[in-house]
Trainee: 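Below is a structure I'd like to ask you about.
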Amino acid sequence: GVPLDEISPILCAGITVYKGLKESGARPGQTVAIVGAGGGLGSLAQQYAKAMGLRVIAIDSGDEKKAMSEKMGADAFIDFAKSSDITKDVRAATKDGLGPHAVILVAVNEKPFQQAAEYVRPRGTVIVIGLPAGAYIRAPVFESVLKMVRIQASYVGNRQDSEEAIAFFQRGLIHAPFKVVDLKELPDVYELMHQGKIAGRYVLKMPDPEV
């Protein structure tokens, strides 16, 4: 009962970030930082977070991703390429200056995975979802222990998570930003991905089967 091109990003990316937000334990009114907020996963994570009553700090780079995040209702946008102190800037974007209650990592490079534990608030949770090739998770031991930081990975979701994620979409609360392209344009899409220039998702239109 829904357009297939519109819901297709929900059936993988949407379920994945929704599950991660559930695993974070963040409650309505609390703040989550979404790292990689302008990408396919991040754009959906922002919407699910808002639909769940959370405040959103979007972290990414570029004017297009900033504009998209603001359109989706992000409470703050931090351009990591322009920030001289990402930890200070993220904490300053929260109401009490203590940092977000949870960090959702859907970035495509390793550095943000090394920074998250530094700016999440005491007793906060870092949720690892993104899969940068060859990346490692590192955190300052002393500060992490004092703050009692929890670092947890999250992978896709089960049938119940899927039903809940789809229900948000059916209620009109999730609108995946996407662009439909022909299959022959796939090499160009990969090039844009490598350059970090894709905001949202691309949906491939398969050729009509021969009758």
Side-chain angles (χ1 to χ4, degrees), residues 10-60 69 72-78 86-87 89-107 112-132 135-169 171 173-174 176:
I10 306 300
L11 301 179
C12 182
I15 294 167
T16 298
V17 296
Y18 173 67
K19 175 67 170 179
L21 286 163
K22 285 179 64 177
E23 292 290 335
S24 77
R27 300 187 299 275
Q30 294 185 336
T31 302
V32 295
I34 299 172
V35 188
L41 287 163
S43 60
L44 289 166
Q46 289 193 65
Q47 295 182 70
Y48 275 105
K50 298 300 290 187
M52 295 164 74
L54 300 169
R55 299 183 73 255
V56 172
I57 299 173
I59 303 174
D60 214 313
S69 297
M72 290 180 179
D75 297 277
F77 181 88
I78 296 174
I86 191 75
T87 297
D89 290 343
V90 174
R91 287 177 176 170
T94 59
K95 289 182 177 181
D96 54 13
L98 294 177
H101 297 80
V103 180
I104 307 297
L105 288 165
V106 291
F113 290 76
Q114 321 296 5
Q115 299 170 324
E118 298 180 13
Y119 57 69
V120 72
R121 72 171 49 219
R123 293 184 178 272
T125 301
V126 176
I127 297 292
V128 181
I129 297 176
L131 299 170
Y136 286 85
I137 302 168
R138 295 188 178 91
V141 175
F142 186 78
E143 184 175 0
S144 298
V145 170
L146 288 184
K147 290 168 49 179
M148 299 180 68
V149 171
R150 180 166 67 100
I151 299 175
Q152 178 180 334
S154 179
Y155 180 67
V156 197
N158 57 30
R159 291 184 180 181
Q160 182 62 43
D161 299 318
S162 301
E163 289 183 12
E164 294 171 6
I166 292 171
F168 275 96
F169 177 85
R171 291 167 58 196
L173 298 174
I174 309 297

Trainee: Determine the minimum heavy-atom distance between I15 and A165, stating which atoms define it.
Mentor: CG1-CB, 3.9 Å
Trainee: To check you understand the geometry: which heavy-atom pair defines the closest contact between I127 and G20, and what is its length?
Mentor: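 Heavy atoms only, the tightest pair is CG1-O, 3.8 Å.
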Trainee: Would you call T31 and K95 a side-chain contact if the rule is heavy atoms closer than 4.5 Å?
Mentor: no
Trainee: Give a yes or no answer on whether the side chain of Q114 reaches the backbone of Y136 with a donor-acceptor pair at less than 3.5 Å.
Mentor: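 Pair found, side chain donor or acceptor close to backbone of Y136.
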Trainee: Would you mind listing every salt bridge (charged side-chain N to carboxylate O under 4.0 Å, His left out) that reaches into residues 112-126, with sequence neighbours excluded?
Mentor: D96-R121
Trainee: Between K147 (side chain) and V120 (backbone), is there a donor-acceptor pair under 3.5 Å?
Mentor: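 Side chain of K147 to backbone of V120, a donor-acceptor pair under 3.5 Å: yes, one is there.
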Trainee: Report, as yes or no, whether the 6.0 Å neighbourhood of atom CG on L173 holds more than 12 heavy atoms from other residues, nucleotides or ligands.
Mentor: yes
Trainee: In Å, rounded to the nearest 0.5 Å, how long is the span from SG of C12 to CG of L41?
Mentor: 7.5 Å
Trainee: The test is side chain to side chain contact (heavy atoms under 4.5 Å, CB included); show your working for I10 and F168 and say whether it passes.
Mentor: CA-CA 10 Å; I10 306 300; F168 275 96; over 6 Å; no
Trainee: Under a 3.5 Å distance rule, please check whether T94 uses its side chain to pair with a backbone N or O of G99 as donor and acceptor.
Mentor: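 Yes: the side chain of T94 pairs with the backbone of G99.
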Trainee: Rounded to the nearest 0.5 Å, what's the gap from CD1 on I104 to OG1 on T125? Could you check?
Mentor: 8.5 Å
Trainee: Would you mind reporting whether I34 and I59 have side-chain heavy atoms less than 4.5 Å apart?
Mentor: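 No, side chains not in contact.
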Trainee: Could you check whether any side-chain heavy atom of L105 comes within less than 4.5 Å of a side-chain heavy atom of I129, counting everything from C-beta outward?
Mentor: no
Trainee: Say whether, by atom type as modelled, one donor and one acceptor occur between the side chain of D75 and the main chain of I57 under 3.5 angstrom.
Mentor: no
Trainee: State the CE-OG distance between M52 and S24, to the nearest 0.5 angstrom.
Mentor: 6.5 Å
Trainee: Between V103 and A116, what is the shortest heavy-atom contact and its length?
Mentor: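 Smallest heavy-atom distance, with atoms named: CG1-CB, 3.9 Å.
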Trainee: How long is the span from the CG atom in L44 to the CE atom in M72, to the nearest 0.5 Å?
Mentor: 7.0 Å
Trainee: Please name the pair of heavy atoms, one in A26 and one in V32, separated by the smallest distance, quoted to 0.1 Å.
Mentor: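 Result for this residue pair: CB-CG1, 3.8 Å.
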Trainee: Where do A49 and V56 come nearest, in terms of heavy atoms and distance?
Mentor: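 In terms of heavy atoms, the two residues are closest at CB-CG2, 3.6 Å.
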Trainee: How many angstroms lie between CG in D161 and OG in S154, if you round to the nearest 0.5 Å?
Mentor: 8.0 Å
Trainee: Please name the pair of heavy atoms, one in P112 and one in V35, separated by the smallest distance, quoted to 0.1 Å.
Mentor: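 For P112 and V35, the tightest heavy-atom pair comes out as CB-CG1, 3.5 Å.
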Trainee: If I take atom NZ from residue K50 and atom CZ from residue R55, how far apart are they, to the nearest 0.5 angstrom?
Mentor: 7.5 Å
Trainee: Under 3.5 Å, is there a donor-acceptor pair between the Q46 and S69 side chains?
Mentor: yes
Trainee: Please answer whether the main-chain N or O of Y48 pairs with a side-chain N or O of Y18 as donor and acceptor at a distance below 3.5 Å.
Mentor: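 Between the backbone of Y48 and the side chain of Y18 there is no qualifying donor-acceptor contact (under 3.5 Å).
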Trainee: Are any of the side-chain nitrogens in E23 or K19 under 4.0 Å away from the carboxylate oxygens of its partner?
Mentor: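 Yes, charged N to carboxylate O under 4.0 Å.
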